[in-house]
Amino acid sequence: MAEALVAKKEASSPIKFGKKEKKLLTDPLSDNNPITVQVLGICSALAVTTGMKNAAVMAVAVVLVCVGSNVITSVLRNIIPKQVRMIVQLVIIATLVTMVELVLKAVAFESYKALSVFIGLIITNCIIMGRLEAFASSNKPYESLLDGLGNGVGYGLILLIVAFFRELLGKGTIFDWKLIGATPEYLINTTESWLFGWYVNNNLFVLFPAAMFVIGIVIWVHRAWRPQLVDVS
Amino acid sequence: MHSTRSVIIFGFVMCVIVALLLAGLFNVLKPIHDKNEAIYAKKAVLSAVADHIDGDFKDLDGDGIQEIFASQIEQLVVDMDGDILDKDGVEAKGHLGGLAEHVDMAREYKKPIEDQILPVFVFTKADGKKYYILSTRGKGLWDAIWGNIAFEQDLNTIAGVAFDHKAETPGLGAEIKDNTAWAKQFIGKKVYDKDGSFRSVFVRKGGARDDVYEVDGISGATITADGVSEMLSRGLKYYEPYLKTVKG
């Protein structure tokens with residue numbers, strides 16, 4: 001009797017981290033990744049991956065919005081009228097995005113300028129709305145938090161991987177720190193050089209098409225590594 | 001299923017909460033936003049004389065920029081006849097604050113040419129040398145481009161430039177801002193010829209053909225580069241009456 005009570009107490013405790021919870025958190029990182037498996041949120045993945053710094057700020061913003069909107073939707077899931085749930089979800093997302101934008105403008109103005117409209121466009125990021133509709137509106141807040149965190153980080157992870165290759169090959173830098181290729185001064189004064197000084201920046205990688213095939217290659221590698229993800233149909 | 005009544009009440013309460021939340025946050029952060037905007041604009045002006053500032057320009061923080069701007073920059077606003085406008089004159093043109101830093105070039109650009117006013121920033125280096133920073137604005141490929149051009153004391157030789165843009169293509173047109181080596185080409189170029197008539201600096205596709213009045217273009221950014229040439233030849237000419245009064 002006492003054992004059953006303890007077990008029941010454990011099951012209803014909100015901060016349990018068992019197999020199921022771990023799966024919620026880690027699944028979106030690889031086997032159910034929003035970008036490479038579900039192919040959602042591609043638009044912003046194309047636009048903000050020209051540099052690691054922008055990608056990192058964007059990733060943090062999306063994680064915050066994803067976690068926040070998931071938790072709020074989950075807490076309110078029983079009082080949100082079913083007829084207008086989509087509108088309510090959009091209002092929640094839009095509110096959080098606007099808050100993130102206002103805070104970013106106050107604490108990191110340069111990043112705010114660099115990301116310009118793309119922060120606002122998180123509102124239309126299908127990953128977030130998708131998680132609200134598919135998960136948060138029918139699950140408890142704690143699970144929704146893990147799900148939002150997992151999906152946000154899964155999205156950010158791909159963003160950073162793509163940005164790494166685009167910045168390295170396109171500008172020869174990582175986080176604006178010169179790694180390979182000639183310094184700008186090299187173009188005027190050819191006696192100055194740097195590691196891999198022969199490398200000429202490939203401008204294509206700074207342009208949008210590069211994001212398309214870098215993501216394509218990431219998806220390819222991912223599926224070669226996890227063959228069960230291959231869509232046989 | 002909720003009744004229509006409860007849906008409406010829910011919507012109303014939601015809107016009020018969200019509106020209060022966002023309005024409150026906006027008002028709390030407004031002073032910080034304004035400060036950031038001002039620093040950003042001042043940094044854009046100072047980056048034209050980045051090589052002449054004591055210490056490393058990249059290491060300057062917001063306070064450092066405010067400090068230099070307050071102690072080493074003299075702000076003037078002139079009209080198309082070269083006359084200096086006072087604070088009220090500038091505010092009458094619609095720029096609250098009345099200093100050169102408050103002049104919104106985007107708004108001036110839309111006015112008829114004879115009504116436009118121009119900001120002038122005079123930077124005094126620690127050794128007493130003066131640099132005149134002039135602003136200009138034009139069109140790139142996709143949207144507006146603008147720049148601050150610093151002149152030596154002879155008001156002819158360029159001491160540094162800083163261009164910026166709203167929406168040029170990264171890696172192509174955006175190089176006018178990102179590629180510091182390209183901007184450095186402008187240093188030492190002149191805008192007046194030997195007879196003293198205005199000539200401007202031309203961005204030449206395929207490589208400069210003149211040592212004094214031309215710089216190399218950017219591959220793949222012909223239209224942005226043409227926009228730079230156009231805004232320099234037009235925008236700097238606007239300052240001619242004022243520059244004449246300074247030269248005496």
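Every chain is numbered from 1 and lettered A, B, ... according to where its sequence line falls, protein lines coming before strand lines. Basis for what follows: all heavy atoms, side chains included, without hydrogens, waters or symmetry-related copies.
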Practice task
Quick one: do B:L99 and B:V77 satisfy side chain to side chain contact (heavy atoms under 4.5 Å, CB included)? Show the steps, please.
Solution key: CA-CA 7 Å; B:L99 293 171; B:V77 182; over 6 Å; no

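Using a 4.5 Å cut-off between heavy atoms, B:K43 contacts chain A through its side chain alone, with no backbone atom that close. Using a 4.5 Å cut-off between heavy atoms, A:I80 touches chain B through backbone and side chain atoms alike. With a 4.5 angstrom heavy-atom cutoff, A:K171 does not touch chain B via any of its atoms. Residue B:F10 touches chain A through its side chain alone, counting heavy-atom pairs closer than 4.5 Å. B:E37 touches chain A through backbone and side chain together, each having a heavy atom under 4.5 Å away. Neither the backbone nor the side chain of B:I39 comes within contact range of chain A; no heavy atoms are under 4.5 Å apart.
Centroid-to-centroid, the aromatic rings of B:F186 and B:F163 come within less than 6.0 Å.
Ring orientation note: the planes of B:Y131 and B:H52 are close to parallel, at an angle under 30° on the 30°/60° scale.
The residue among A:V84, A:I87, A:V91, A:V107 with the most heavy atom pairs within less than 4.5 Å of chain B is A:V91. Heavy-atom pairs under 4.5 Å with chain B peak, among A:I79, A:L76, A:T50, at A:I79. Among B:H33, B:M14, B:K30, the residue making the largest number of heavy-atom pairs under 4.5 Å with chain A is B:H33.
Between the B:N156 side chain and the B:V191 main chain, a donor and an acceptor come within less than 3.5 Å of each other.
The shortest side-chain heavy-atom distance between A:L96 and A:L64 does not fall under the 4.5 Å cut-off. You'll find the side chain of B:P119 reaches within 4.5 Å of the side chain of B:M105, heavy atoms only.
B:S135 and B:W146 are not linked by any side-chain donor-acceptor pair at a separation below 3.5 angstrom, with hydrogens and angles left out of the test.
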